[in-house]
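Some notes on the structure that comes next.
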Amino acid sequence: MKRIAVINQKGGVGKTTTTVNLGAALTHHGQRVLLLDLDPQANMTVHVDKRPDLESDTLTNLLIDNAPLDALIQPTSLENLFVVPSDTSLAGVEQVLANRIGRETILRQALDDARLAERFDFVMFDCPPSLGVLSANALVAADYVVIPMQAEYLSLQGMAKLLEVIDLVQRQLNPGLQIACVLPCMLDSRTNLSAEVLHEIESHFGALLTKTRIRNNVKLAEAPSFGRSIFEHAPDSNGARDYAAFALEFLEKIGERQAETPNETPADAEAEADA
Ligand SMILES: Nc1ncnc2c1ncn2[C@@H]1O[C@H](COP(=O)(O)OP(=O)(O)OP(=O)(O)O)[C@@H](O)[C@H]1O
Ligand SMILES: [Mg+2]
């Protein structure tokens, strides 16, 4: 079971959109995916059509009262996509846990469960736009980090702080943590500024920058209000194409899929299949 934190403390850069649509895209590759909403705004919970209400238990119950994760998992409209919802009560977690020893490792402990590992191939954490206890729990529990970024002026600002926190977590609590990739989101290809900023991001992150660009696409912005992923809402949109491409690149980046060799002829492929 691979654990993925989708994180950037800057608000509105595409974290939730990426978590939901990468998760949905992975199910198309036969993966069983669990989404964890670590944001008190509960945008992801809404995006998968789970209205946050006080009746159902949320991650707050796990983080504060040690409720078993199993009991919090809810199905979504996609067969292999499940969610642990959030609600505004999650905002109180920072304060309640402020003085609790081991507060950063609660999620990791909850995920170290053999039954969960049997049930899911991927667990993805949608992080809030802050670097507090909730994000710390995600980084400590994760194998990989995905950093969505907007290609705009000042978007690299704040990145130093995020990388510092990731480095600290790697050194002190989670040596296995790796940055899988930096994903440019909401790209406006008509402006030179995007190209300039992308160039800057590339010189900063090198191979960590994905080849896939998530373009600005109104269908992506509409999908949450329908409680659906982009693949159900608008399968022929650029948004669906971009996230499908990203899922493939992501699987390659974490070594779960062979990179495609563009020059391979069908005969070569057959010979390989026979081998
Ligand atoms: N590629 C895109 N094209 C158009 N709109 C997009 C795209 N990606 C995301 N959006 C929209 O932009 C807004 C911010 O995206 P999203 O909620 O994914 O960001 P976030 O980083 O999770 O924000 P927050 O920090 O508040 O949690 C949302 O309304 C979303 O629907
Ligand atoms: Mg969000």
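As the structure lists them, so they are numbered: ligands from 1, and atoms in each ligand from 1.
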Counting heavy atoms under 4.0 Å, the part of Arg215 that contacts ligand 1 is backbone

Taking both backbone and side-chain atoms into account, decide whether Met44 has an N/O/S atom under 2.8 Å from the Mg ion (ligand 2).
no

- prompt: Going by distance only, is there an N or O of Thr16 that falls short of 3.5 Å from an N or O of ligand 1?
  reply: yes

Pro129 heavy atoms within 4.0 Å reach ligand 1 at atoms 25 (O)

With Tyr243 as partner, the option from Thr212, Asn217, Thr18 fulfilling side-chain hydrogen bond (donor to acceptor under 3.5 Å, both in side chains) is Thr18

Self-check item: Sub-3.5 Å N/O-N/O distance, Gly12 and ligand 1
Solution: yes

Go through it in stages, so that I can follow the logic: the residues are Ile230 and Asp242, the test is side chain to side chain contact (heavy atoms under 4.5 Å, CB included), and I'd like the CA-CA distance, side-chain angles, deciding distance and then a yes or no. CA-CA 10 Å; Ile230 191 65; Asp242 291 348; over 6 Å; no

Exercise. When you look at Ile166 and Leu139, which way does the side chain to side chain contact (heavy atoms under 4.5 Å, CB included) test go after all the steps?
Worked result: CA-CA 7 Å; Ile166 291 172; Leu139 291 174; 4.2 Å; yes

Open item on the list: For Phe250 and Tyr144, take the angle between the two ring planes, folded into 0 to 90°, and tell me which bin it lands in: parallel under 30, tilted 30 to 60, perpendicular over 60.
Closed with: perpendicular

In ligand 1, the atoms that come under 4.0 Å of a heavy atom of Gln41 are 24 (P), 26 (O), 27 (O)

- Does Gly14 have a heavy atom less than 4.0 Å from any atom of ligand 1? yes

When every non-hydrogen atom of Met186 is compared with those of Gln150, the smallest separation belongs to SD-NE2, 3.7 Å

Task: Criterion side chain to side chain contact (heavy atoms under 4.5 Å, CB included) on Glu104 and Leu97, from CA distance to verdict - done: CA-CA 9 Å; Glu104 289 101 354; Leu97 295 182; over 6 Å; no

Ligand 1 to Ala221, heavy atom cutoff 4.0 Å, flagged ligand atoms 5 (N), 31 (O)

When distances are taken from atom 8 (N) of ligand 1, the protein heavy atom at minimum range is Met186 CG, 3.6 Å

| Within the structure, does Asp126 bring an N/O atom to less than 3.5 angstrom of an N/O atom in ligand 1? | no

Handout entry: Heavy-atom protein contact below 4.0 Å for atom 25 (O) of ligand 1
Key = yes

Exactly one candidate in Leu187, Asp188, Asn238 meets side chain to side chain contact (heavy atoms under 4.5 Å, CB included) with Asn216; the answer is Asp188

Numbered in order shown, the ligand 1 atoms found under 4.0 Å of a heavy atom of Ile214 are 1 (N)

When distances are taken from atom 3 (N) of ligand 1, the protein heavy atom at minimum range is Asn217 N, 2.8 Å

If you scan protein heavy atoms around atom 20 (P) of ligand 1, the nearest is Lys15 N, 3.5 Å

for atom 28 (C) of ligand 1, nearest protein heavy atom and its distance come out as Thr17 OG1, 4.8 Å

Tightest non-hydrogen contact, residues Met159 and Asn8, listed as CE-ND2, 3.8 Å

*May I ask you to check if ligand 1 and Val13 share an N or O to N or O distance below 3.5 Å?*
yes

So for Asp39 against ligand 1, with non-hydrogen atoms under 4.0 Å, the contacting part is side chain

Note: ligand 1 atoms sitting under 4.0 Å from heavy atoms of Gly11 are 25 (O)

*asked:* What I want to check is whether the side chains of Ser77 and Glu232 have a donor and an acceptor closer together than 3.5 Å.
replied: yes

What one should report as the nearest heavy-atom pair of Leu208 and Ala180 is CD2-O, 3.8 Å

Do Lys219 and Glu222 sit within salt-bridge range, that is, some charged N less than 4.0 Å from a carboxylate O?
yes

